[in-house]
Each structure stands twice: as C-alpha cells, then as structure tokens.
Amino acid sequence: MKLSTLCRPFFFARRYLSSSATCRTSSCKALVYHKLGQPEEVVQLDGNHPLREMGADDITVDMMVCPVNPSDINQIQGVYALRPPLPAVPGGEGMGVVSAIGSHVTSLQTGDWVIPAVPSLGLWRTQVVENEKIFMKVRSDIAMETAATLSVNPTTAYRMLRDYVHLERGCCVIQNGANSGVGEAVIQLAAAWGFKTINIIRDRPNFDEVKNYLMELGATEVVTEEFCGSHKMTSLIESTGKPLLGLNTVGGKSATNLMKQLANSGTMVTYGGMSKKPVTVGTGSLIFKDLRIVGHWNSQWVTKNSKSEDHHTMIDELCALAAQGSLKAKHCLTHPLNEYRTALCKSMTPFVGTKQLINMQP
Ligand code: NDP
C-alpha cells in the first residue's frame, strides 16, 4: 500500500486535533440510503445531515475513518439480520476523536480516540452526537486503521477462539476465508496465544504472495480450497494434529471439506456465508464424529456485553497486541468521503485483497 494513502488519516487526525474545540456544528455530512438496493446506487452523500443537540451525558465524536464491511453492504441491500428504519446512515464500525463532552460525562475526554461499543450505529458521517455509553476509548498509540477496524473483525476472531472450545497451546484451528479481515485476525491471535492454524483460501494467480503474507502473520499452513478437498490433506493434518475448532465463513462445499478435517467431537463455528451456499452436515458427522455445529454473531455478543468487564478486557488485550505489533489490520485502501462509491464497489470485488476505508474528514 502507498505510504501516502497510509498516512492520510493521521494527517487528518493531527489537523483535526488542533482545531477540535471550534468545529462543532448543528449538521454534518453523512452517507444516507433512503431505500434498499445496490449500495453504489442507493447510498447518497447528504451535505447537510441534522446533528442531534448535545445533552449533559452526550459526547460529540468527529469520525475519522470507517471501513466498508460485508455486513454494511448486506444491510444496505436489505439482506442482513439488522434493518434500521429508513432513511438510514450505514456504517457499523469506525474510529473517531471526541471533540466535545457534556457536563455529566465522566468516562471520556476531548481528544480521546473512540470506537463504537454497540453494533450498527450508522457511523458513515463526519460527526456523531451520542451518549457516552455508546463509545469506548482505545489507546492512541496504535495505527488508526487498526483502531478503525478493531470492533468487528478482531473481536469476532477473539470470541470464536475463546468461547466455543477450550484450546491449549499447540492445539490446531482450521478456517476458510483465511485472507478475510476476520481470518487474518484469527491467524494473528492464534499465533499470539500459541495455537496452530490451517488456513484455506480460494485459489488465485497470486496464491503464493497471499500465502507468504499469511505465513508472515503467523499462519502454520495455507492451502487452497481444492487442496483441502483432496487426499493431500491427510498428511498435512498428520503433521499439525486434528483441529478441535473449525471456523467457517464460506459455507457450501468449503464448509463440508472443512468439517471433514475436524477431530472427533470437534466444533465448527459458522460466522459468515460468503458463497451464499448453505452449510450441509453429513449424518455421519453428527452420529459417528459427534461434531458440534454452531454459529457466532458478534453483534449479539456486543449487545449483551457492551462495556462489560469482558468487553473492556477484550478491547484492552487487542489494543495491547496491536501496540506491540502482533495484531494489525488487513491491508487498507483509504478513499475520500466524496469517492465513497469507489469504496463501495471495490469492497464487493472478488480477490481485491484490501479492506476499503472511507475518510470521513473532507
Ligand atoms: P473481508 O471484506 O475482509 O473479506 C471478504 C472475504 O470473503 C475475503 O477473504 C474473500 O476472499 C472472501 N470471499 C468473498 N466472496 C467469496 C466467495 N464467493 N467464496 C469464498 N470466499 C469469498 O471480510 P470480513 O473479514 O470483514 O468478513 C468476512 C465474513 O465474515 C463476512 O461474511 C462477514 O459478514 C462475516 N462476519 C461475521 C461476523 C459475525 O458476527 N458473524 C462478524 C464479522 C464478519 P477472496 O480474496 O477470495 O475474494
């Protein structure tokens, strides 16, 4: 990624920080959709979006950068489990800086870096006014891209590695969609905690390049979908040990092949359906292998546990790993706010290899 692209958000943060106290307004710029449909067609830039008046418990956050996640796209298309009333501002994730606080606010100060503590807030806007409970402080010595993409993918990886199977150091985890944002977070957290990972990705012309990058992140093995479906997997699994945990974000044949590699009484957690094909479980997998087939929805965990001790512990741990260089965001491409359509289209392009970020500070 170009250095200029990487540095742009930091430049805006510095510029913003020096003028934060004076830039409060009663409206902001926001991306809005009035009807469900293809994101690049239905999302529009509203240059005069109303901003709620600040109350004593409220903070104003100047949004810096927000990623375009598959859940944002699905929400705009109307195929996601959460459907906000229309018109709506999309954007479930992002990083902002507190620019003003109400008189009763105790947990945050101006200048703090914050991320959402609840799902689907609607963050694709230049400013947001919300109760202080809605945001969580993150440390400001981590990369802005990492902060902006911390609250969805790394937390999903964290919960799936912690909450479903007890894994000891040396245990093996298998996952498909391993080059996704979640997949890369799984690789890095597993490496930090001493677990081996077998990582499945779709074949592509630059397979070796992607494989090498995932190995650099800490992957134990990286294979193609075709390899995973072949007899060659047997010797690979002999060398790693049978996985107790499988993480599935693809579905269809990919999920079936992944399940075949699991140890008896192993668990497969499904958290995405990128192929749009259903997960089919063989009868023998349930009877003879006693596999546990479950699903994980991070929004539900965050809603139930928002700002709980567990939530703070997880965010602090992820930030600490990011600060020491053990957790970084997927490669990002940052787009100016008025070029949001490019960001939306690119986020839906196969094999693109980057997470699209929208720079909210024009
Ligand atoms: P990214 O945008 O970072 O990556 C998308 C990934 O999906 C890429 O690895 C891409 O691979 C792969 N992909 C796209 N289309 C297909 C396909 N037809 N078959 C197989 N793989 C495909 O995604 P995220 O990490 O942000 O999200 C990944 C998935 O996880 C999404 O489905 C998302 O909704 C889900 N998710 C679920 C959560 C939950 O709580 N359940 C929380 C967070 C994410 P390629 O390079 O080959 O194109």
Side-chain angles (χ1 to χ4, degrees), residues 70 149 152-162 164-165 167-263 266-275 277 279 291 296 318 321 326-331 350-355:
T149 57
V152 175
N153 289 345
T155 58
T156 300
Y158 183 107
R159 297 266 53 108
M160 293 195 300
L161 288 171
R162 284 275 163 96
Y164 293 91
V165 170
L167 297 169
E168 308 271 359
R169 289 185 78 80
C171 283
C172 183
V173 177
I174 185 166
Q175 63 165 343
N176 57 23
N179 64 330
S180 66
V182 176
E184 289 192 9
V186 165
I187 291 171
Q188 294 174 86
L189 293 183
W193 297 336
F195 312 145
K196 292 180 219 161
T197 52
I198 302 172
N199 300 281
I200 307 158
I201 61 174
R202 294 197 281 184
D203 200 6
R204 64 199 70 221
N206 67 338
F207 172 79
D208 286 339
E209 188 189 326
V210 177
K211 174 179 173 167
N212 290 340
Y213 181 68
L214 299 183
M215 299 294 279
E216 272 171 37
L217 291 182
T220 313
E221 300 285 351
V222 181
V223 298
T224 62
E225 292 282 1
E226 290 72 24
F227 187 99
C228 184
S230 76
H231 65 277
K232 294 180 196 154
M233 269 308 265
T234 313
S235 54
L236 186 143
I237 294 281
E238 272 167 17
S239 71
T240 58
K242 280 194 177 265
L244 296 171
L245 177 66
L247 306 176
N248 165 44
T249 187
V250 177
K253 203 173 165 195
S254 174
T256 309
N257 287 337
L258 184 149
M259 254 182 280
K260 281 184 190 153
Q261 311 308 330
L262 288 175
T267 298
M268 183 174 83
V269 182
T270 291
Y271 67 97
M274 293 307 293
S275 73
K277 303 239 168 63
V279 173
L291 294 189
H296 175 80
L318 292 171
L321 286 168
S326 305
L327 178 68
K328 52 186 174 186
K330 181 168 169 166
H331 285 315
F351 306 117
V352 74
T354 48
K355 179 70 83 181

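None of these values were measured; they are calculated from a predicted model.
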Kindly write out the residues that satisfy ring pair (Phe, Tyr, Trp, His ring centres under 6.0 Å) with Phe195, not counting sequence neighbours, or none if the list is empty.
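Scan of Phe195 (ring pair (Phe, Tyr, Trp, His ring centres under 6.0 Å), adjacent residues dropped) gives none.
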What are the two closest non-hydrogen atoms of [X] and [Y], and how far apart are they?
{"X": "Ile237", "Y": "Lys242", "result": "CG2-CG, 3.7 Å"}
{"X": "Phe351", "Y": "Asp203", "result": "CE2-O, 3.8 Å"}
{"X": "Pro243", "Y": "Ile198", "result": "CG-CD1, 4.3 Å"}
{"X": "Asn199", "Y": "Ala178", "result": "CB-CB, 3.4 Å"}
{"X": "Val222", "Y": "Phe207", "result": "O-CZ, 3.8 Å"}
{"X": "Thr354", "Y": "Lys330", "result": "C-CE, 4.0 Å"}

Would the distance check show the side chain of [X] and the main-chain N or O of [Y] forming a donor-acceptor pair, the cut-off being under 3.5 Å?
{"X": "Ser254", "Y": "Val250", "result": "no"}
{"X": "Glu184", "Y": "Ser180", "result": "no"}
{"X": "Thr220", "Y": "Thr197", "result": "yes"}

Mind checking the [atom1]-[atom2] spacing from [X] to [Y]? Nearest 0.5 Å is all I need.
{"X": "Asn248", "Y": "Asn176", "atom1": "CG", "atom2": "CG", "value": "4.5 Å"}
{"X": "Cys228", "Y": "Lys260", "atom1": "SG", "atom2": "NZ", "value": "9.0 Å"}
{"X": "Leu167", "Y": "Arg162", "atom1": "CG", "atom2": "CZ", "value": "10.0 Å"}
{"X": "Asn257", "Y": "Ile174", "atom1": "CG", "atom2": "CD1", "value": "9.0 Å"}
{"X": "Gln175", "Y": "Met160", "atom1": "CD", "atom2": "CE", "value": "7.5 Å"}
{"X": "Asn179", "Y": "Tyr213", "atom1": "CG", "atom2": "OH", "value": "11.0 Å"}

Residue pair Glu221, Thr240: steps toward the side chain to side chain contact (heavy atoms under 4.5 Å, CB included) verdict:
CA-CA 9 Å; Glu221 300 285 351; Thr240 58; 4.0 Å; yes
Answer yes or no: are there more than 12 heavy-atom neighbours, outside Lys196 itself, under 6.0 Å from its atom NZ?
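Yes, because the 6.0 Å sphere around NZ of Lys196 holds more than 12 heavy atoms from other groups.
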Which residue, Val165, Leu244, Ile187, Leu247, forms the side-chain contact (heavy atoms from CB on, under 4.5 Å) with Val173?
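Of the listed residues Val165, Leu244, Ile187, Leu247, the side-chain contact (heavy atoms from CB on, under 4.5 Å) partner of Val173 is Leu247.
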Taking the side chain as every heavy atom from C-beta outward, state whether [X] and [Y] have any pair of such atoms under 4.5 Å apart.
{"X": "Lys253", "Y": "Lys277", "result": "no"}
{"X": "Thr156", "Y": "His296", "result": "yes"}
{"X": "Leu236", "Y": "Thr234", "result": "no"}
{"X": "Leu318", "Y": "Leu327", "result": "yes"}

Please evaluate residues Leu291 and Met259 with respect to the criterion side chain to side chain contact (heavy atoms under 4.5 Å, CB included), reporting the C-alpha separation (whole Å), side-chain torsions for both, the decisive distance (0.1 Å), and the verdict.
CA-CA 8 Å; Leu291 294 189; Met259 254 182 280; 3.9 Å; yes
Show the numbers, then the answer: is there a side chain to side chain contact (heavy atoms under 4.5 Å, CB included) between Met268 and Leu245?
CA-CA 6 Å; Met268 183 174 83; Leu245 177 66; over 6 Å; no
Who pairs with Asn153 by side chain to side chain contact (heavy atoms under 4.5 Å, CB included), at least two apart in sequence or on another chain?
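Asn153 satisfies side chain to side chain contact (heavy atoms under 4.5 Å, CB included) with Asn69, Val182, Lys355 once adjacent residues are dropped.
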